[in-house]
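Lettering of chains follows the sequences in order, A, B, ..., and the numbering in each one begins at 1. Only a predicted model underlies this, so the values are computations on that prediction, with no experimental measurement involved.
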Amino acid sequence: MRYWLMKSEPDEASIDDLANAPERTLPWTGVRNYQARNFMREMKRGDKVLFYASNADPSGVTGLAEIVREAYPDQFALKKGHKYFDEKATPDDTIWVMVDIGWVATFPHIVALETLKEAPGLENMVVTKKGSRLSIQPVTKSEFDIVLKLGK
DNA sequence: GCCAACGTTGGC
DNA sequence: GCCAACGTTGGC
C-alpha cells in the first residue's frame, strides 16, 4: 500500500464536497502535469490519500481519502471548450488520466502547512519544501502517520 | 538541444 | 494581488 498527497483548491473540490458527493467518491480530473500524471498511474485501489487544500486560508491537509478506482482516461481532455481540454489528446490517447477517490475522514481541524513545516519527521515531506508545486505527491508511511496524528 | 519568453502554481 | 519558483513552448 502506498500513500499520497493530492492538492485541490477548495473552489474546485474540498473535503466537504467529497464527503457530500454521491457514494462519497469524486473523479480526480484536471491533472495536466506529466510528473503528477505518472504518479496517478502508479496508484492502486486502497492507497491512502492526504487531501490537501491549496490556495486556502490557511492551506493544509483537511482530511483523508483513498483510491477507489485506478487510472483511466481523462475524457475532459477531449472536450473542446472545456477548461481541461488538451488539443493534443485523441480518443486513442487522451494523454491525461484521472482516478476516483473516496472519502475516508474529515479532520476535526485543518493541519496547516505551517504545522507540517514545524512537525518533527516531516522535514523531507515534499509539500513542506520550498517551491513544491506538484499537485500529486508521494508520501512515506511515517510521514502519513505523523500527519494523521496531527489531524486527530 | 539550448535557453529566453511565457504561463501557471500557490504561499504569503 | 504580488511574485518566486517552476514547467512548457518554440525560435534558433
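Straight-line distance from the CD atom of Q35(A) to the P atom of dG7(C): 7 Å, rounded to whole Å. I110(A) places its CD1 atom 13 Å from the C1' atom of dG11(B), with the value rounded to the nearest Å. One interatomic measurement links the two molecules: CD of E12(A) to P of dT8(B), which rounds to 14 Å at whole-angstrom precision. Atom CG of D11(A) and atom P of dG10(B) are 14 Å apart (whole Å). In this entry the distance linking CZ of R133(A) with P of dG11(B) reads 12 Å, nearest Å. What separates CG of L134(A) from C1' of dT9(B) is a distance of 11 Å, to the nearest Å. The CG-P distance, from D57(A) to dG10(B), rounds to 16 Å in whole Å.
Considering all non-hydrogen atoms of both residues, V127(A) and K7(A) come closest at CG2-CE, 4.2 Å.
Interface residues of residues 83-98 of chain A facing DNA chain C, ordered by number: K88(A); criterion, heavy-atom separation under 4.0 Å.
Within the structure, a side-chain polar atom (N or O) of Y52(A) is placed less than 4.0 Å from OP1 or OP2 of dG11(B). In terms of phosphate contacts, S59(A) brings no side-chain nitrogen or oxygen within less than 4.0 Å of OP1 or OP2 of dG10(B). Distances shorter than 4.0 Å separate none of the side-chain N or O atoms of K130(A) from OP1 or OP2 on dA4(C).
For K7(A), the side-chain atoms get nearest to dG10(B) when compared with the rest of dG11(B), dT8(B), dG10(B). Closest contact between the side chain of Y34(A) and the listed nucleotides dG10(B), dT8(C), dT8(B) involves dT8(C). Comparing dT8(C), dG10(B), dG11(B) by their nearest atom to the side chain of N33(A) picks out dT8(C).
Comparing R32(A) and N55(A) by the nucleotide of DNA chain C that holds the closest heavy atom to each, the one mapping nearer the 5' end is N55(A).
Side-chain atoms of E114(A) do not come within 3.5 Å of backbone N or O of A112(A) as any donor-acceptor pair.
Here the CZ atom belonging to F144(A) is positioned 9.5 Å from the CE atom belonging to M125(A), to the nearest 0.5 angstrom.
In the model, D47(A) has a side-chain atom that pairs as donor or acceptor with a side-chain atom of W4(A) under 3.5 Å. Side-chain contact, D74(A) with T29(A): a donor N or O sits under 3.5 Å from an acceptor N or O.
Listed by first then second residue, pairs satisfying salt bridge (charged side-chain N to carboxylate O under 4.0 Å, His left out) with a partner in residues 142-152 of chain A read K141(A)-D145(A), not counting sequence neighbours.
Using a 4.0 Å heavy-atom distance criterion, K129(A) is classed as making no nucleic acid contact.
For Y34(A) and W96(A), the ring centers are positioned less than 6.0 Å apart.
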